[in-house]
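Here the structure is laid out as structure tokens; the discussion comes afterwards.
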Protein chains: 2
Amino acid sequence: MARSGAAVEEPVRRRLLAEATRLFAERGFESTSVQEIVAAAGVTKGAMYHYFGSKDDLLHEIYGRVLRMQMERLTRFADAEGPVTERLHATAMDVVVTTIDNLDDSKIFFRSMHQLAPETYKTVRAERRRYHERFRDLVVEGQQAGVFRDDIPAEMVVDYFFGSVHHLGTWYSPDGPLTGQDVGRHFADLLLSSLEPAGRPAR
Amino acid sequence: MARSGAAVEEPVRRRLLAEATRLFAERGFESTSVQEIVAAAGVTKGAMYHYFGSKDDLLHEIYGRVLRMQMERLTRFADAEGPVTERLHATAMDVVVTTIDNLDDSKIFFRSMHQLAPETYKTVRAERRRYHERFRDLVVEGQQAGVFRDDIPAEMVVDYFFGSVHHLGTWYSPDGPLTGQDVGRHFADLLLSSLEPAGRPAR
DNA sequence: ACAAGCGTACCGACTGGTCGGTCCAATCCG
DNA sequence: CGGATTGGACCGACCAGTCGGTACGCTTGT
């Protein structure tokens with residue numbers, strides 16, 4: 001009974017992470033107290049500080065989980081077979097769909113990133129940077145192949161697109177008429193469309 | 001002498017607003033204490049609570065200033081003369097340039113908006129909404145005139161574009177090689193390009 | 001017996017906000 | 001004219017409450 005009881009009950013650590021994610025997304029990192037988190041998870045502070053070194057550490061783990069997942073998916077889509085236009089379209093769409101599926105994570109990401117301790121902050125930024133670079137390589141590949149316009153720096157196209165993605169959390173609602181697939185398709189279409197060469201007469 | 005002396009010295013109220021803007025952008029609203037703000041402005045808490053009702057009120061005033069300015073500029077550009085493509089391009093470019101000119105305001109906006117008191121929050125959201133609607137009308141106008149693709153909801157195009165604009169604060173640096181005009185031109189080009197009709201074959 | 005897992009009680013630092021009081025320029029009164 | 005009075009701008013000490021974090025003891029499985 002003891003074993004099965006422990007197995008049936010969700011591990012405390014997991015509940016803490018889940019509730020913290022929910023609360024951070026809802027009220028922000030600084031406005032959420034450790035008390036609130038442990039109360040929501042049905043434990044006490046002793047339990048939390050048993051599993052996590054600090055409140056900061058809790059946030060850091062959330063970031064790590066998100067970053068690992070996104071990087072894994074991006075790599076899979078970017079390294080697939082097919083023409084670069086199709087790969088970029090599929091990648092962009094997946095980024096949007098995944099972001100919408102984990103909207104709480106997204107809200108935390110762009111709202112609370114600067115609350116991390118300087119050391120942790122740099123680590124997260126660096127990993128985020130590698131992610132953007134992998135995405136940028138796709139754009140560069142298309143530019144060199146001549147299928148994307150190259151009069152706009154690929155770096156800026158990436159910042160342009162991910163700005164839109166990061167801000168999904170501020171306006172998208174699962175209760176609305178649009179599914180994640182809808183938004184993903186439209187966003188990917190807009191991205192691909194804006195990259196078409198010779199769109200406007202060169203000045 | 002009394003008059004000129006008072007005129008030479010920067011008004012306390014203005015200094016408080018300026019320093020608060022700087023600090024909120026740097027560390028976030030919740031992580032900035034009233035003590036830090038008044039210390040940076042060279043006054044005491046008594047002075048701050050003489051001019052502002054609360055810390056929240058201080059943030060609210062910052063929002064009000066930004067919203068008023070942006071709305072005024074948008075209206076001016078959108079109501080100008082000329083074809084809708086040129087008006088949208090000029091408007092989009094101005095939004096970017098203005099955002100970069102006041103990058104601190106932008107950082108505060110999307111990071112700390114949810115820290116406002118519920119009442120104030122709704123007011124700001126409503127005003128922000130009117131702003132987006134005015135911008136959306138431009139897109140709709142172009143769609144009805146047949147110069148923009150209409151297979152993507154105008155609403156979403158606006159969210160797409162302003163996502164990019166709001167996120168300028170996370171990556172743009174005035175010390176970098178790009179001027180606000182550079183970024184503005186590229187962003188506006190990307191927007192107009194993505195709106196060109198018959199971009200991809202309709203499925 | 002002994003560690004792992006967690007609860008209880010508590011600490012010190014700091015927070016937003018308050019309040020009595022001070023300074024000084026402008027106004028009023030005689 | 002000049003002394004008294006007023007009132008806004010601001011100071012600085014001080015709340016009560018909250019925060020993240022810690023010390024320590026009790027259970028429970030092995």
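So that the names make sense, note that chain A is the first sequence line, chain B the second, and so on, each numbered from 1.
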In whole angstroms, the gap separating P of D/dT18 from CD of B/Glu30 amounts to 15 Å
Distance alone, cut at 3.5 Å: any donor-acceptor contact between the side chains of B/Thr99 and B/Ser106? no
Nearest whole Å is fine: how far is D/dG25 P from A/Lys45 NZ? 19 Å
Specify the separation, in whole Å, of atom CZ of B/Phe24 and atom C1' of C/dG16. 12 Å
Exactly one candidate in A/Thr75, A/Val95, A/Val158 meets side-chain contact (heavy atoms from CB on, under 4.5 Å) with A/Tyr131; the answer is A/Val95
Looking at the side chain of B/Ser33, which of C/dT15, D/dC11, D/dG20 is the nearest nucleotide? C/dT15
Tell me whether the rings of B/Phe162 and B/His132 are parallel (<30°), tilted (30 to 60°) or perpendicular (>60°). parallel
For A/Thr32 and B/His50, find the nucleotide of DNA chain D closest to each by heavy atoms; which residue's nucleotide sits nearer the 5' end? B/His50
When you get a sec, tell me which of D/dG21, D/dC11, C/dG16 is the closest nucleotide to the side chain of B/Val43? D/dC11
Separation of D/dA9 P from B/Arg14 CZ (nearest whole Å): 15 Å
Protein-nucleotide distance (A/Lys55, atom NZ; D/dC19, atom C1'), rounded to Å: 8 Å
In whole Å, what is the span from the CE atom of A/Met48 to the P atom of D/dG21? 7 Å
To the nearest angstrom, how far is B/Leu58 atom CG from C/dT15 atom C1'? 16 Å
Just one of B/Arg129, B/Met113, B/Glu119 clears the side-chain contact (heavy atoms from CB on, under 4.5 Å) bar with B/Val124, so which one? B/Met113
Which residue, A/Tyr49 or B/Tyr51, contacts DNA chain D at a nucleotide closer to its 5' end, judged by nearest heavy atom? B/Tyr51
Under 4.0 angstrom, heavy atoms only, what part of the nucleic acid is A/Thr44 near: base, sugar-phosphate, or nothing? base
Between B/Tyr63 and B/Arg68, is there a cation-pi geometry (under 6.0 Å to ring centre, at most 45° from the normal)? no
Reading DNA chain C from 5' onward, which residue's closest nucleotide shows up sooner: A/Gln35 or B/Phe29? A/Gln35
Could you state the CZ-C1' distance from A/Arg27 to D/dT18, rounded to the nearest angstrom? 15 Å
